Amino acid sequence: MQYKEILENLKNLVYKWDNVQQICDYIILWAVLWDASDIHIEPLNAYVRLRYRIDWELREILEYQNFLHPWVVARFKILSELKIDESRIPQDWRISKTIEDKPLDLRVSSLPTVHWEKIVMRIVDKSKKIPPLDGLWIEWKNLRLIKKAIGLPNGIILNSWPTGSGKTTTLYSVLSILNSVDVNIMTMEDPVEIQVDGINQSQVKPDIGYTFAYGLRTALRQDPDIIMVWEIRDKETVDIAIEASLTGHLVLSTIHTNSAAETITRVLNMWVQWFLIPASFNIIIAQRLIRRLCPYCKTPMTLNELGADTVKNIKNAISFTPKDELKERVWDKLQNPVFYKAVGCEKCENLWYKWRVWIYEVLEITPWVKTMILAWQSAFNINIQAMKDGMISLEQDGIMKALNWLTTLEEVYKAAKVTE
């Protein structure tokens with residue numbers, strides 16, 4: 001049965017207020033067939049809204065009446081073994097299912113709202129293989145810097161990201177390169193999203209005191225060579241990570257910031273001694289996940305359509321981009337630059353985009369960047385210095401991908417800050 005038929009059946013069942021079990025099954029099945037990453041079931045004042053996150057964008061699929069919602073919530077709670085008589089506090093658990101021959105984990109989260117409980121489900125396809133690092137659209141200089149950093153025996157590789165930027169994929173791709181019989185790799189995760197043979201993966205449980213800091217401290221007694229900490233959230237965790245890196249361990253982790261340079265000020269705000277950052281950090285990666293143009297309906301744009309401000313930003317970004325990077329990636333395109341826009345067709349179901357592509361910036365701790373860190377310079381000044389030293393910014397990487405017709409400038413500038 002195709003997804004259009006499933007959607008029609010779902011709408012009919014909702015309209016007839018019939019068979020809640022089948023309604024819930026269709027909600028999940030439609031999301032899986034459309035390769036959605038999240039399902040949002042949201043009670044509003046006059047109705048309940050069903051939305052799916054597809055290729056990074058939330059899309060409303062249908063609405064149904066409020067009185068049906070408690071039954072839908074109860075059904076999903078039963079599937080995920082949550083307390084169906086408890087609606088005052090948030091709950092979360094997971095459902096393991098096989099749909100369309102795909103083994104799936106659905107992480108179910110319930111949250112009380114003023115109208116009823118909201119349900120969000122994150123869909124993880126356990127059958128998907130970890131892509132190679134050079135299959136993540138990390139190109140040329142950025143790829144060389146990352147491979148150089150993971151080849152070092154010690155130090156910290158920090159990945160800065162907002163939620164939903166694909167950090168899971170990047171970190172697992174790095175770990176898959178490092179995974180060999182002659183090294184001991186340990187991870188502290190929340191949750192363990194992909195199980196990898198040869199890696200010792202541990203699920204933290206903050207409610208019983210098993211935090212990232214406690215797990216990291218314990219992992220150091222397990223004779224590790226490489227440690228991956230899912231997220232740095234506090235001073236204790238970052239202090240132990242720095243100590244581990246300075247005593248011969250390679251440490252991978254993530255942190256919530258908007259750019260690579262802002263990661264430095266974020267760590268300093270955790271009251272880390274400033275001289276420890278250049279001594280322990282190898283590289284800082286920032287990444288964003290943006291939508292990829294549908295190859296069947298993309299259409300060239302004129303410079304007039306781009307607008308004067310966009311043209312100015314493009315010229316400014318290209319002027320800062322290292323010439324070697326331009327020659328390797330887009331030199332031929334710069335002679336007669338053409339950008340594409342989204343139109344919509346049957347192939348992409350008039351959604352304009354199909355699949356996704358990453359943009360990256362990789363900040364290397366160069367001597368000049370080290371000097372600026374030791375001088376307590378701002379994130380803005382560190383970013384400017386890093387670009388002078390050859391760093392490819394998110395904006396520059398995005399523009400080069402747009403020049404190669406992978407995405408639109410609109411997508412680039414939604415995700416990347418403009419360099420002034």
Side-chain angles (χ1 to χ4, degrees), residues 35-38 53-59 122 131 133-143 145-146 157-174 193 230-232 252-266 283-294 310 313-314 316-318 320-321 325 329-330 339-342 351-364 379-380 382-383 386-387 391-420:
D35 201 22
S37 61
D38 299 87
R53 190 173 293 280
I54 301 169
D55 288 336
W56 187 236
E57 293 288 317
L58 273 174
R59 303 184 184 278
R122 167 65 58 88
L133 195 61
D134 51 6
L136 298 179
W137 305 102
I138 310 175
E139 299 179 292
W140 301 106
K141 183 176 182 180
N142 286 343
L143 184 60
L145 287 175
I146 293 174
I157 298 172
L158 205 53
N159 190 351
S160 67
W161 51 279
T163 301
S165 293
K167 54 90 179 169
T168 302
T169 305
T170 301
L171 285 179
Y172 278 125
S173 294
V174 170
E193 297 196 6
W230 208 233
E231 186 181 345
I232 288 178
L252 286 74
S253 191
T254 67
I255 192 169
H256 280 289
T257 59
N258 291 320
S259 69
E262 287 177 31
T263 300
I264 294 170
T265 55
R266 173 80 176 95
I283 57 170
I284 301 170
I285 305 168
Q287 67 181 79
R288 297 292 185 277
L289 197 55
I290 61 177
R291 294 180 295 170
R292 187 178 178 185
L293 265 173
C294 172
T310 303
N313 290 333
I314 293 169
N316 185 46
I318 291 298
F320 273 89
T321 306
E325 189 76 8
R329 293 175 62 179
V330 293
F339 296 96
Y340 278 73
K341 63 182 178 181
L351 296 178
W352 308 341
Y353 298 91
K354 291 288 283 184
W355 311 293
R356 289 166 288 182
V357 64
W358 280 267
I359 56 175
Y360 288 86
E361 68 182 21
V362 181
L363 191 156
E364 186 181 19
F380 178 82
I382 291 173
N383 185 68
M387 290 178 66
M391 182 185 78
I392 312 299
S393 70
L394 288 169
E395 180 193 6
Q396 291 167 338
D397 194 38
I399 288 172
M400 286 187 279
K401 286 184 168 73
L403 276 168
N404 283 323
W405 311 335
L406 292 171
T407 189
T408 62
L409 288 169
E410 179 186 9
E411 282 293 297
V412 172
Y413 284 111
K414 275 170 59 177
K417 287 185 177 181
V418 176
T419 303
E420 299 291 347

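All values reported here derive from a predicted model rather than from experimental measurement.
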field: Ion pair K141/E325, N-O distance below 4.0 Å
entry: no
message: One pair to check against side-chain contact (heavy atoms from CB on, under 4.5 Å): Y360 and L143. What are the steps and the verdict?
response: CA-CA 10 Å; Y360 288 86; L143 184 60; over 6 Å; no
query: Going by an N to O cut-off under 4.0 Å, is there a salt bridge joining K401 and E139?
result: yes
- line: Separation between OG (S160) and CD1 (I284), nearest 0.5 Å, reads 7.5 Å
Minimum heavy-atom distance between W358 and L289, given as atom pair plus value: CE2-CD1, 3.3 Å
- prompt: Roughly how far, to the nearest 0.5 Å, is the CG atom of L363 from the CG atom of L145?
  reply: 9.5 Å
- prompt: What residue among L406, T407, I359 forms side-chain contact (heavy atoms from CB on, under 4.5 Å) with W137?
  reply: L406
- prompt: Side chains of M387 and Q396: closer than 4.5 Å at any heavy-atom pair?
  reply: yes
- request: Measure the CG-OG1 distance between L133 and T169 for me, rounded to the nearest 0.5 Å.
  value: 11.5 Å
- line: For V412 and G398 the tightest heavy-atom approach is CG2-O, 3.4 Å
message: Applying side-chain contact (heavy atoms from CB on, under 4.5 Å) to M391 and E364, what does each step give before you reach the verdict?
response: CA-CA 8 Å; M391 182 185 78; E364 186 181 19; over 6 Å; no
query: Is the closest side-chain heavy-atom distance between L409 and I399 below 4.5 Å?
result: yes
- request: Taking all non-hydrogen atoms of both residues into account, name the closest pair between L403 and F339 and its distance.
  value: CD2-CZ, 3.6 Å
- prompt: Is there a side-chain contact between I285 and L158 (heavy atoms, below 4.5 Å)?
  reply: no
field: Spacing of CD belonging to E57 relative to OG belonging to S37, to within rounding of 0.5 Å
entry: 11.0 Å
query: When you check the gap from the basic side-chain N to the acidic O, do D35 and R53 get nearer than 4.0 Å?
result: no
field: Smallest separation among heavy atoms of I54 and A36, with atom names
entry: CG1-CB, 4.0 Å
message: Using only atom types and a distance under 3.5 Å, with no angle test, would you say the side chain of E411 pairs donor to acceptor with the backbone of R291?
response: yes
message: Pairing donors with acceptors under 3.5 angstrom, does anything connect the side chains of Y413 and E395?
response: yes
message: Could you go through M400 and T321, starting from their C-alpha distance and side-chain angles, then the distance that decides it, and tell me whether this counts as side-chain contact (heavy atoms from CB on, under 4.5 Å)?
response: CA-CA 10 Å; M400 286 187 279; T321 306; 4.1 Å; yes
- request: Give, for atom OH of Y340 and atom CG of L293, the distance between the pair rounded to the nearest 0.5 Å.
  value: 10.0 Å
- request: Using atom types as modelled and distance alone, determine if a side-chain donor or acceptor of N159 lies under 3.5 Å from a backbone N or O of T254.
  value: no
- line: CD1 of I255 to CD of E262, rounded to nearest 0.5 Å, is 11.0 Å
- prompt: Do Q287 and T170 have a side chain donor and acceptor closer than 3.5 Å?
  reply: yes
- request: Over all heavy atoms of both residues, which pair between L394 and A286 is shortest? Give the atoms and the distance, please.
  value: CD2-O, 3.7 Å
task: Indicate the atoms forming the closest heavy-atom contact of D38 with R122, along with that distance.
output: OD2-NE, 2.6 Å
